[in-house]
Every structure is written in C-alpha cells, then in structure tokens.
Amino acid sequence: MELLRIGDKVISFTKLENKIREILELRSRGLSQVEAGEKLGVERSFISRLEGLGEIRKGQSLAAVGFPIKNKTEVLEVLKNYGVDFCFIMSEEERTRFVNDCSGAQLTNKIMELVNKFRSFDTVIVMASDYRNRMARNLLDNKVIEIDIGKSPLKEDVNVDISVLTEILKTLKG
C-alpha cells in the first residue's frame, strides 16, 4: 500500500484509487453524478471535477498516427470502421521514404504541418515506440492515447494489437 504524508494526514493511494473506481463504475452504469455521490458519500461537484480531470474525449474529432506498422491494412480498416477523422499510418519502408525523399527544410515543413494538423484534433491515438509516444504526448498537449508497440528505436515493422486498438475506439466512440 502506497502512503503519502501531508501535514498530519496520511493518505492512501489505494483507498483513493478504489473510491475513484467505484465512482466511475457507478457513473458508467448510468447513475447520475448526484446518485453516485449520494451512494458513496461524496459531493456531486467532486464527481464532476473528477470526470473532467480524466476526460479524453466527448464525441469530438479523433485522429491516429502510427509507425512502423506491419498490419497497416488491418489497422486502417479498424480506424475507418470507427469513423476516425484522420489517419497517418506508415510502414518502416514508407517512413524511410518520407524522410529521405525531401530536403531538411522540406522535411521540417512537412513535420510542422503534420503536428499542426494533429493539434487540431481533440484526441490522437499514437501507435509508436515508447520514445515517439512520449514525444507525441509533449507536442500535442497531452491529447494523446498511446499504444506502445516497442522500445525505441524500432527498425522493423511491428503489429499493432487490434484488440487493444478496438477497445480504445469502442470506449472513445461510446
């Protein structure tokens, strides 16, 4: 059990996590914030703030980026079936071509344009190495859901776990 001392109080992270899970479980089962609050002895405004802190998407725009993806066709099909607004999925060969087929200035411009485009979406699913996921999270103001496909640097195509991607999309799309 992880504990934290704040002044004369000792806080249990486990107790907090369990209470948060209870609250969100009741909300996902359809109870209103008031009903969940009454049942668990917390204020409705706390539940509202809690949901706001964890909210990733509320039916707005969704994009996906991934590289180097081995099962690109399958990934694109799933993304299309769930109505993802913009997809930028590449194999290692395509990524290498993308980088090598232009000058440094052109590449910089292309990358800046892509970052700008991705920043216009409410949520971006990033399927990449641990390092690239962290970079994307920092560039996109934490509007990122990461699917870690391996430790950086990745030099070969990697399969995305379709069940993980599907579960994320089901959750985001309701």
Side-chain angles (χ1 to χ4, degrees), residues 13-14 16-18 20-31 36 47 50-102 107-174:
F13 280 103
T14 304
L16 281 172
E17 287 173 357
N18 290 340
I20 289 169
R21 286 184 197 285
E22 281 182 84
I23 291 167
L24 297 177
E25 181 64 32
L26 290 175
R27 292 285 292 131
S28 71
R29 283 196 249 143
L31 270 70
I47 295 173
L50 180 65
E51 290 176 7
L53 284 171
E55 185 176 309
I56 295 174
R57 179 175 162 98
K58 195 190 237 176
Q60 297 106 3
S61 59
L62 179 62
V65 59
F67 55 87
I69 307 299
K70 188 174 193 174
N71 56 340
K72 177 182 169 181
T73 303
E74 190 177 9
V75 167
L76 286 169
E77 183 178 320
V78 170
L79 294 170
K80 179 184 174 204
N81 288 341
Y82 279 91
V84 174
D85 303 297
F86 178 71
C87 303
F88 191 75
I89 310 296
M90 295 185 291
S91 66
E92 179 61 22
E93 180 184 326
E94 291 166 324
R95 177 172 69 157
T96 301
R97 213 173 326 118
F98 179 81
V99 169
N100 293 334
D101 285 354
C102 53
L107 180 60
T108 300
N109 288 337
K110 283 183 179 182
I111 290 171
M112 295 302 286
E113 287 170 10
L114 281 168
V115 167
N116 190 46
K117 183 165 183 84
F118 280 112
R119 286 178 66 93
S120 72
F121 291 92
D122 297 306
T123 304
V124 180
I125 298 172
V126 180
M127 298 162 274
S129 69
D130 55 345
Y131 177 73
R132 301 286 188 231
N133 281 335
R134 191 170 52 253
M135 282 179 46
R137 185 175 59 243
N138 292 333
L139 282 169
L140 302 174
D141 294 334
N142 292 320
K143 301 186 303 186
V144 169
I145 296 174
E146 302 166 31
I147 299 178
D148 192 338
I149 62 170
K151 188 146 181 65
S152 189
L154 295 176
K155 302 209 185 254
E156 295 180 2
D157 292 340
V158 177
N159 279 318
V160 171
D161 185 333
I162 295 299
S163 65
V164 170
L165 177 61
T166 302
E167 190 59 36
I168 290 167
L169 291 165
K170 278 182 187 176
T171 302
L172 291 174
K173 291 293 192 170

*Check the pair L165 / I147 against side chain to side chain contact (heavy atoms under 4.5 Å, CB included), numbers first and verdict last.*
CA-CA 8 Å; L165 177 61; I147 299 178; 3.9 Å; yes

*Tell me, do F98 and L107 make a side-chain contact under 4.5 Å, heavy atoms counted?*
yes

_Heavy-atom pair of closest approach, residues N133 and A128_ = ND2-O, 3.1 Å

*What heavy-atom pair brings C87 and L76 nearest, and what distance separates the two atoms?*
CB-CD2, 3.8 Å

*Thinking salt bridges, do R95 and E92 make one under a 4.0 Å N-O criterion?*
yes

*Would you mind checking if E113 and K117 are paired as a salt bridge, meaning a charged N to carboxylate O distance below 4.0 Å?*
no

*Between L169 and V84, is any pair of side-chain heavy atoms under 4.5 Å apart?*
yes

*Between R21 and E17, is there a salt bridge with N-O shorter than 4.0 Å?*
no

*asked:* Keeping D130 on the side-chain end and S152 on the backbone end, is there a donor-acceptor pair under 3.5 Å?
replied: yes

*List the atom of F118, the atom of V124, and the distance in Å for their closest heavy-atom pair.*
O-CG2, 3.6 Å

*How many angstroms lie between atom CG of D148 and atom CZ of R132, to the nearest 0.5 angstrom?*
12.5 Å

*So, the side chain of N71 versus the backbone of V160: is there a donor-acceptor pair under 3.5 Å, distance only?*
yes

*If you look at every heavy atom in A36 and R27, which pair is closest and at what distance?*
CB-CD, 4.2 Å

*Just do the side chain to side chain contact (heavy atoms under 4.5 Å, CB included) check on E77 and K80 with the steps written out, would you?*
CA-CA 5 Å; E77 183 178 320; K80 179 184 174 204; 5.8 Å; no

*Would a line drawn from the ring center of F88 to the ring center of F67 be shorter than 6.0 Å?*
no

*Backbone N or O of T14 within a donor-acceptor pair of the N18 side chain at under 3.5 Å?*
yes

*Which value, rounded to the nearest 0.5 Å, describes the distance between N138 atom CG and R134 atom CZ?*
8.0 Å

*Minimum heavy-atom distance between V115 and L140, given as atom pair plus value*: O-CD2, 4.0 Å

*Can you list the steps and then say if I125 with Y82 is a side chain to side chain contact (heavy atoms under 4.5 Å, CB included)?*
CA-CA 13 Å; I125 298 172; Y82 279 91; over 6 Å; no

*Where S129 and I149 come nearest, the two heavy atoms and their spacing*: N-CG1, 4.0 Å

*What is the distance from atom CD1 of I47 to atom CD1 of I20, rounded to the nearest 0.5 Å?*
11.0 Å

*Quick one: pull up NZ in K72 and CG in L79 and give me the separation to the nearest 0.5 Å.*
11.5 Å

*What is the distance from atom CG of D161 to atom CD1 of I168, rounded to the nearest 0.5 Å?*
9.5 Å

*Backbone of R119 reached by a side-chain donor or acceptor of K143 within 3.5 Å*: yes

*Does the side chain to side chain contact (heavy atoms under 4.5 Å, CB included) test come out yes or no for I89 and M127, once each step is laid out?*
CA-CA 9 Å; I89 310 296; M127 298 162 274; 3.6 Å; yes

*asked:* Given 3.5 Å as the limit, does a donor-acceptor pair link the side chain of S61 with the main chain of D122, or not?
replied: yes

